[in-house]
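A short write-up of the structure that comes next.
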Amino acid sequence: MAGIFYLKGAIMFDPTAIPMYKPEEIEPKWQARWEHDKLYQPWNDPDKTKFYALTMLPYTSGDLHIGHWYAMAPSDARARFKRMQGYNVFFPMGFDAFGLPAENAAIKNNTHPKTWTYNNVERMRAQLKTMGNSFDWRSEIVTADPKYYRWTQWWFEQFYKHDLAYQKFAPVDFCPSCNTTLAREQVKGEERLCERCGTPVIKKNLKQWFFRASNYSEELLRFDGIDWPEVIRTLQTKWIGKSEGASIIFHTEAEDALEVFTTRPDTLWGATFMVLSPEHPLVDKLTTEAQAEMVQAYRQQAARQSDIQREALDREKTGVFTGSYAVNPASGQHIPIWIADYVLMTYGTGAIMAVPAHDKRDFDFARKFNLPITVVIQPDGLESINAAALTEAVEAHGMMVNSGPLTGTPGNLSFEKAVEFAEANGFGHRSVNYRFHDWLISRQRYWGAPIPVVYCPHCGTVLVPDEQLPVELPDDIEWTQKGDNPLVIHPTWKHTTCPNCGGPAERETDTMDTFMCSSWYHLRYLSPDYETYPFDPEQAKFWLPVDTYTGGSEHATMHLIYTRFFHKAARDCGILEGDEPMLQLRNQGMVLGEDGEKMSKSRGNVVNPDDLVQKYGADTVRAYLIFFSRWDQGGPWSYSGIEGNARWLRRVWSMFLEPETTHVDADVLKALRRKTHQTLRSLSYDYENFEFNTIVSGLMELLNMMARAKAAGAYGTPEWNECVDIYLRMLAPVCPHIAEELWERLGKPYSIHNQAWPKLDEEAAKDEEITLVVQVNGKLRDRMIVSPEISKEEMQAAALSSDAVRGELAGREPKKIIVVPGKLVNVVV
RNA sequence: GGGGCGGUGGCGGAAUAGGCAGACGCAAAGGACUUAAAAUCCUUCGAUGGUGACAUUGUGUGGGUUCGACCCCCACCCGCCCUACCA
């Protein structure tokens with residue numbers, strides 16, 4: 001109370017005092033004005049170079065968290081910098097609004113996914129606006145809006161028409177008690193129990209929709225012409241998982257073909273058994289009566305395990321003999337066929353030839369089940385190996401032994417020769433295998449864009465005609481105890497007429513993966529209300545591709561690969577031009593809790609941006625986030641750290657507004673100008689190169705210089721005024737509100753955000769003197785203040801005249817003298 | 001097991017081309033202002049030795065290349081993230 005009285009008193013009794021910095025007043029004021037004046041709405045200005053700055057749109061989870069701020073504030077600062085540089089910048093924002101959490105929340109809170117989602121959109125939009133970003137809200141999209149998903153459905157139809165979408169059976173997680181499919185997130189724990197009823201989940205084959213993403217595997221491995229972080233490129237490359245090898249066709253004793261993929265055709269003669277994935281389609285046929293019971297039991301158990309569990313390396317191998325045999329096409333040997341869960345149906349052909357002598361996994365398996373081991377490779381420099389004495393598989397390449405006609409083939413030729421042999425004998429060929437699969441887009445969920453397909457008993461699969469799009473989600477839905485998809489149990493929704501023959505037909509009840517929605521949102525931003533096409537072609541021609549895309553690297557193998565596929569597919573449908581959707585990608589790191597751990601409710605280390613805005617204002621929060629660490633690295637939050645940025649902005653405020661006059665010293669003014677332009681030079685570099693933290697520290701440094709200059713009477717001089725002008729422009733992208741407010745208070749024309757980036761005066765930025773570093777044998781011995789124009793000879797002479805150097809030399813002759821112009825002299829003795 | 005990123009004061013971090021390590025900020029200590037507190041301002045602040053200018057030492061560890069290494073090379077240790085039986 002006393003403090004407040006004192007404060008009021010100060011204002012009442014000291015009319016000359018400048019007003020306090022009150023972000024809570026100036027920030028909403030400017031946000032409203034900018035919006036009213038449509039300050040951030042570019043539109044095809046042909047005189048300017050376009051710049052499409054895009055940051056990943058948030059999922060409508062309910063609250064904007066500090067991570068969103070961390071992703072968006074620096075992206076906004078850079079977009080603003082680009083605007084000031086004269087680019088025509090488009091920086092849109094929207095909401096990723098479909099998805100499972102909405103359904104779960106709706107069921108839990110007894111509300112509707114639409115209500116939940118749109119409430120969150122409202123809330124998050126308001127929160128976003130407190131950041132003061134330069135978003136063009138005209139372009140906002142909500143992916144759950146029928147206006148939007150009408151075009152998501154349109155895209156599906158284009159892909160279908162161009163044979164890039166197809167249907168096939170694929171295994172999904174299924175709860176036999178609830179009688180419904182589950183999303184991966186709904187399967188809980190190691191035991192893989194249904195989230196709702198606790199029943200063990202099984203894998204079930206259902207007919208589902210796919211996009212032919214694997215057609216693009218090879219192209220997706222190329223990153224020509226795009227500037228994406230190496231980490232992302234590596235992750236995508238590994239995810240696509242190209243491996244070169246051979247396809248080998250084995251035959252069972254019953255003459256069924258059994259194709260395998262191997263990267264080691266040279267070990268073919270050592271294949272002493274085969275292993276099929278438990279889900280392999282031939283298992284039933286191969287299983288003999290005597291083995292039927294064991295095989296069945298094993299398959300059931302395997303069906304319940306997640307891939308993760310099955311793939312755990314340290315898990316002991318398990319498996320069951322089918323009772324059948326195959327013939328090794330090279331050796332003619334009859335070899336047993338087993339099933340084991342270490343062979344995955346999702347990779348290769350779901351079957352392998354097992355070469356225990358030369359593959360670790362096969363070796364473990366063979367040892368456990370006493371299967372024969374044959375050595376067929378003798379690596380150079382290794383003692384002659386024999387199967388009985390092996391303690392581990394020998395995976396190194398080497399000379400082929402024990403391999404029929406190819407015995408003696410050296411290691412460097414073995415791959416080629418083995419493939420040639422297989423080709424010549426008609427049982428195999430060279431082949432390339434990818435880990436990357438076609439994109440399964442079917443989701444047995446309500447809250448997604450319905451797949452616009454009708455199944456007609458006469459006409460088969462029929463696309464919903466364009467004029468009938470969107471296929472809208474019904475609002476009147478019910479949730480059953482069992483958790484069925486409301487679209488399936490809805491009394492009327494799925495019943496429709498065939499667009500082809502007019503007879504009764506049923507709608508597809510699956511909806512699309514939400515990554516479908518986010519694969520093309522950057523196109524819809526360009527013309528969110530355009531009614532005859534997913535985007536206005538003229539706008540697309542002007543704005544595409546995206547120049548800078550920012551967001552989290554956790555999307556490397558999902559969104560960021562899907563959106564690249566989507567673009568290429570659209571290109572091949574003749575809809576888009578160019579090979580890549582986003583030219584430059586940059587990823588931010590993660591803000592951790594004060595304890596250095598990932599933020600989580602259970603840890604109690606979550607930082608709430610709304611509270612921070614209330615306490616410090618958005619500019620301070622933005623400045624702190626930009627300042628505290630390298631953007632691509634992230635790091636721990638600090639509540640005391642942000643105080644430093646709050647202090648800085650208060651200093652800026654009073655520095656610029658509090659007048660002060662005394663005598664002026666010309667040297668001080670020159671130094672101020674020098675520092676001003678030096679800062680301008682380094683900050684221009686930092687903004688361009690996403691080195692945000694040094695932007696703020698550079699501004700702090702310049703402010704410190706200004707304080708000294710002000711104390712020496714620089715306030716109000718032309719040099720001072722120039723400094724203030726440049727300072728505010730450099731500050732504007734990071735702290736747009738305070739920069740605008742000070743700009744106005746200093747009588748400059750609205751708006752600072754329409755001002756040009758300052759021009760660098762190279763001459764002013766030049767150092768008047770430099771510190772010459774003098775070393776003897778690489779150790780610092782002296783420093784001298786010299787002119788920057790000093791010649792190499794003069795530098796050397798100056799260094800040798802140094803007392804410290806002379807003392808160190810003690811009469812000895814220098815062996816060598818290294819002179820680095822403008823920097824240092826190193827005298828070697 | 002594989003891949004990636006990182007390790008610099010009490011803390012977060014700078015060092016843009018191999019050339020003054022520790023910019024900037026936080027915390028801490030001392031001081032000024034104030035009845036007092038907050039705010040603000042000033043000073044100090046890697047370690048060791050010295051009253052001091054200064055000297056020695058110092059960027060995870062060990063080695064190497066170089067006139068000179070936080071930076072390049074080799075080996076190792078630690079932390080975090082991702083990935084995981086990929087045939």
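Quick note on labels: first sequence line is chain A, next is B, and so on, each numbered from 1.
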Would you indicate which nucleotide in [options] comes nearest to any side-chain atom of [X]?
X        : options             : result
A:Arg435 : B:A84, B:G19, B:A87 : B:A84
A:Phe627 : B:A23, B:G25, B:A14 : B:G25
A:Ser697 : B:C24, B:C86, B:G13 : B:C24
A:Thr694 : B:G68, B:C26, B:A15 : B:A15

Does a side-chain N or O of [X] approach OP1 or OP2 of [N] to a distance below 4.0 Å, or not?
X        : N     : result
A:Thr263 : B:C86 : no
A:Asn693 : B:A14 : yes
A:Lys779 : B:U57 : yes
A:Arg781 : B:U56 : yes
A:Lys816 : B:C67 : yes
A:Arg647 : B:C26 : yes
A:Arg651 : B:U40 : no
A:Tyr685 : B:U16 : no
A:Asn704 : B:G25 : yes

Lys/Arg-Asp/Glu bridge criterion (N-O < 4.0 Å) met for [X], [Y]:
X        : Y        : result
A:Asp341 : A:Lys317 : no
A:Glu244 : A:Arg430 : no
A:Lys368 : A:Asp364 : no

Taking the [atom1] atom in each of [N] and [M], what is the distance between them to the nearest angstrom?
N     : M     : atom1 : answer
B:U56 : B:C42 : P     : 34 Å
B:A27 : B:G18 : C1'   : 34 Å
B:C72 : B:G19 : P     : 11 Å
B:G7  : B:U40 : P     : 32 Å
B:U44 : B:G52 : P     : 14 Å
B:C20 : B:U59 : P     : 15 Å
B:A29 : B:A15 : C1'   : 28 Å
B:C80 : B:C45 : P     : 35 Å

Given that A:Glu691 and A:Gly350 both sit by RNA chain B, which one's nearest nucleotide is further toward the 5' end?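 The 5'-side residue here is A:Glu691.
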Using a distance-only test with no angle check, is there a side-chain donor-acceptor pair under 3.5 angstrom linking A:Asn704 and A:Arg651?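 The answer is yes; a qualifying pair exists.
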Polar side chain donor-acceptor pair, A:Tyr21 to A:Thr620, under 3.5 angstrom: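 Absent: no donor and acceptor within the cut-off.
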Just how far, in rounded Å, is C1' of B:C41 from CH2 of A:Trp653?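 One finds 20 Å between C1' of B:C41 and CH2 of A:Trp653, rounded.
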Parallel, tilted or perpendicular, as decided by the 30° and 60° cut-offs, for the rings of A:Phe656 and A:Tyr727: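 Rings of A:Tyr727 and A:Phe656: perpendicular, as their planes differ by over 60°.
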